[in-house]
A.B. asks: 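Sharing a structure here in structure tokens format.
Quick note: numbers below take in every heavy atom, side chains included, and nothing from hydrogens, waters or symmetry partners.
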Amino acid sequence: FADLPGYDFEPHYVDIGGLRMHYVDEGPADAAPVLLLHGEPSWSYLYRRMIPPLAAAGHRVIAPDLIGFGRSDKPTEISDYSYQGHVDWMRQFVEDLGLQDITLFGQDWGSLIGLRVAAENEERFVRIIIGNGALPTGDHPVSEAFMKWREFATTSPKFDIGPIFQRSTILDLPDDVVAAYDAPFPDDSYKAGARAFPALVPISPDDPAAEANRRAWAVFMNWQKPFLTTFSNRDPITRGGEQPWQERVPGAKGQAHTIIRNAGHFLQEDKGPELAAVLTRFINET
């Protein structure tokens with residue numbers, strides 16, 4: 001983790017059930033928090049170009065590394081990870097930091113986890129932004145692109161994080177940035193959390209997480225607080241996924257929903273400053 005390009009934030013840690021979770025905490029300590037949740041197989045490095053402008057706009061910006069990722073602890077067995085476990089870890093993180101009046105931004109698994117935490121702890125959240133994310137219940141078919149990714153993550157003998165990340169962006173990333181995405185995973189023993197995630201997405205109605213996600217959807221179908229979508233136009237996995245949120249969430253009605261152009265799955269990497277400006281404007285206007 002030494003000399004990562006563009007990532008010189010002071011590390012912070014909190015103990016979550018005996019596991020150490022790392023997080024970035026920038027901006028005024030007494031400001032309302034903006035909680036940035038990453039997905040698979042990234043870490044808080046993904047937000048390095050969004051954190052400074054959000055902090056400069058007067059927000060407390062908190063970007064944790066999920067357990068199994070980044071500078072956080074990484075249990076070594078795939079069976080150590082579950083959807084519910086990740087939700088519980090993030091709920092504990094929010095509680096332990098005493099976060100209130102939260103603006104949530106979630107992408108990829110950051111949305112699958114963050115939306116559950118928000119639905120089950122409504123009083124702590126004041127607005128939500130989702131980019132290239134979802135809350136699947138297993139009641140609808142998933143894309144062919146996702147199923148191919150799920151099979152690859154589960155069965156491929158090689159699982160090289162940096163090159164995987166490069167294939168999911170539009171920008172041609174410099175070698176040192178690709179290396180930074182590899183940094184948390186020096187060998188395969190560190191990759192159980194990354195390997196586990198795709199198989200934890202509910203793809204059938206009887207999935208262990210399906211019913212809890214349906215309950216969360218019931219909350220969002222009555223959610224009156226501001227809700228924004230900021231999907232990109234070049235993500236084969238989530239493209240078009242903004243529509244259910246715009247149609248079904250009351251708080252999404254009339255919002256300035258944004259399509260981030262020329263961005264892939266990791267829109268934070270492709271268009272970080274532009275995305276930070278969208279978040280800042282939404283917070284200021286709501």
A.B. asks: Mind checking whether Glu211 and Thr137 have side chains closer than 4.5 Å, heavy atoms only?
C.D. replies: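 No; the side chains remain at least 4.5 Å from each other.
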A.B. asks: Counting distance only, does the side-chain N/O of Thr258 pair as donor-acceptor with the main-chain N or O of Ile260 below 3.5 Å?
C.D. replies: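 No, because the side chain of Thr258 does not come within donor-acceptor range (under 3.5 Å) of the backbone of Ile260.
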A.B. asks: Is the side chain of Lys74 donor-acceptor paired with the backbone N or O of Ala192 at a distance under 3.5 Å, no angle test?
C.D. replies: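 Between the backbone of Ala192 and the side chain of Lys74 there is no qualifying donor-acceptor contact (under 3.5 Å).
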A.B. asks: Heavy atoms, side chains only, cut-off 4.5 Å: are Gln268 and Gln107 in contact?
C.D. replies: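 Of all side-chain heavy-atom pairs linking Gln107 with Gln268, at least one is under 4.5 Å.
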A.B. asks: Check whether Glu26 reaches the backbone of Phe9 with its side chain - one donor and one acceptor, N or O, closer than 3.5 Å.
C.D. replies: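 Side chain of Glu26 to backbone of Phe9: no pair is present.
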A.B. asks: Do Val117 and His86 have side-chain heavy atoms sitting under 4.5 Å apart?
C.D. replies: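 Val117 vs His86: side chains apart.
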A.B. asks: Please determine if Arg248 forms a cation-pi arrangement with Phe220, meaning its NZ or CZ atom is less than 6.0 Å from the six-membered ring centre and no more than 45° off the ring axis.
C.D. replies: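 So Arg248 doesn't make the cation-pi contact.
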A.B. asks: Kindly give the heavy-atom pair with the smallest separation between Asp65 and Ser72, and that separation in Å.
C.D. replies: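 Smallest heavy-atom distance, with atoms named: O-OG, 2.6 Å.
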A.B. asks: Working to the nearest 0.5 Å, report the span between CD1 of Ile16 and CZ of Arg91.
C.D. replies: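 If we round to the nearest 0.5 Å, Ile16:CD1 and Arg91:CZ are 9.5 Å apart.
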A.B. asks: In terms of side-chain geometry, is the basic nitrogen of Asp15 or Arg20 positioned less than 4.0 Å from the acidic oxygen of its partner?
C.D. replies: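 Salt bridge between Asp15 and Arg20, a charged N being under 4.0 Å from a carboxylate O: no.
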A.B. asks: I'd like to know if the side chain of His12 reaches the main chain of Tyr23, judged simply by a donor and an acceptor atom lying under 3.5 Å from each other, with no hydrogens or angles considered.
C.D. replies: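 Flag not set: sc His12 to bb Tyr23 has no pair under 3.5 Å.
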A.B. asks: Mark yes or no for whether Lys225, through its side chain, and Phe125, through its backbone, hold a donor-acceptor pair below 3.5 Å.
C.D. replies: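 Looks like yes, one N/O pair under 3.5 Å.
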A.B. asks: Is the shortest distance from a Lys or Arg side-chain nitrogen in Arg214 or Asp139 to a carboxylate oxygen in the other one below 4.0 Å?
C.D. replies: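 Yes, Arg214 and Asp139 are salt-bridged.
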A.B. asks: I'd like to know if the side chain of Asp25 and the backbone of Ala63 have a donor-acceptor N/O pair within less than 3.5 Å.
C.D. replies: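 No, because the side chain of Asp25 does not come within donor-acceptor range (under 3.5 Å) of the backbone of Ala63.
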A.B. asks: Would Val87 end up clustered with Ile78 when hydrophobic side chains under 4.5 Å apart are linked, directly or stepwise?
C.D. replies: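 The answer is no; the residues belong to distinct hydrophobic clusters.
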A.B. asks: Does Asp182 reach the main-chain N or O of Asp160 with its side chain, forming a donor-acceptor pair under 3.5 Å?
C.D. replies: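 Side chain of Asp182 to backbone of Asp160: no pair is present.
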A.B. asks: Applying side-chain contact (heavy atoms from CB on, under 4.5 Å), run through Phe93 and Ile62 and close with a yes or a no.
C.D. replies: CA-CA 11 Å; Phe93 174 82; Ile62 299 174; 3.8 Å; yes
A.B. asks: One thing to verify: whether Arg48 and Glu269 come together as a salt bridge, which I'm taking to mean a side-chain N less than 4.0 angstrom from a carboxylate O.
C.D. replies: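 Answer for the salt bridge query: yes.
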A.B. asks: Indicate yes or no for a side-chain donor-acceptor contact from Asn132 to the backbone of His265 under 3.5 Å, with no hydrogens or angles considered.
C.D. replies: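 Side chain of Asn132 to backbone of His265, a donor-acceptor pair under 3.5 Å: yes, one is there.
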A.B. asks: Could I get the full list of side-chain contact (heavy atoms from CB on, under 4.5 Å) partners for Thr286, not counting sequence neighbours?
C.D. replies: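 Checked Thr286 against side-chain contact (heavy atoms from CB on, under 4.5 Å); matches are Arg127, Pro226, Gln255, Phe282.
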A.B. asks: If Ile, Leu, Val, Met, Phe, Trp and Tyr residues are connected whenever their side-chain heavy atoms lie under 4.5 Å apart, and connections chain through other members, are Tyr13 and Leu37 in the same group?
C.D. replies: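 Each belongs to a different hydrophobic cluster.
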A.B. asks: If the threshold is 4.0 Å, N to carboxylate O, is there a salt bridge linking Lys148 and Glu151?
C.D. replies: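 Judged by the 4.0 Å cut-off on N to carboxylate O distance, Lys148 and Glu151 do not form a salt bridge.
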A.B. asks: For residues Ile130 and Phe105, determine if any side-chain heavy atom of one lies less than 4.5 Å from a side-chain heavy atom of the other.
C.D. replies: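 They are not in side-chain contact.
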A.B. asks: Any donor-acceptor pair under 3.5 Å linking the side chain of Asp235 with the backbone of Phe231?
C.D. replies: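 The answer is no, because no donor-acceptor pair under 3.5 Å joins these two groups.
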A.B. asks: Under the ring-ring contact (aromatic ring centres under 6.0 Å, His included) rule, collect the residues that match up with Tyr45, sequence neighbours excluded.
C.D. replies: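 Result, ring-ring contact (aromatic ring centres under 6.0 Å, His included) vs Tyr45: Tyr7, Trp43, Tyr181.
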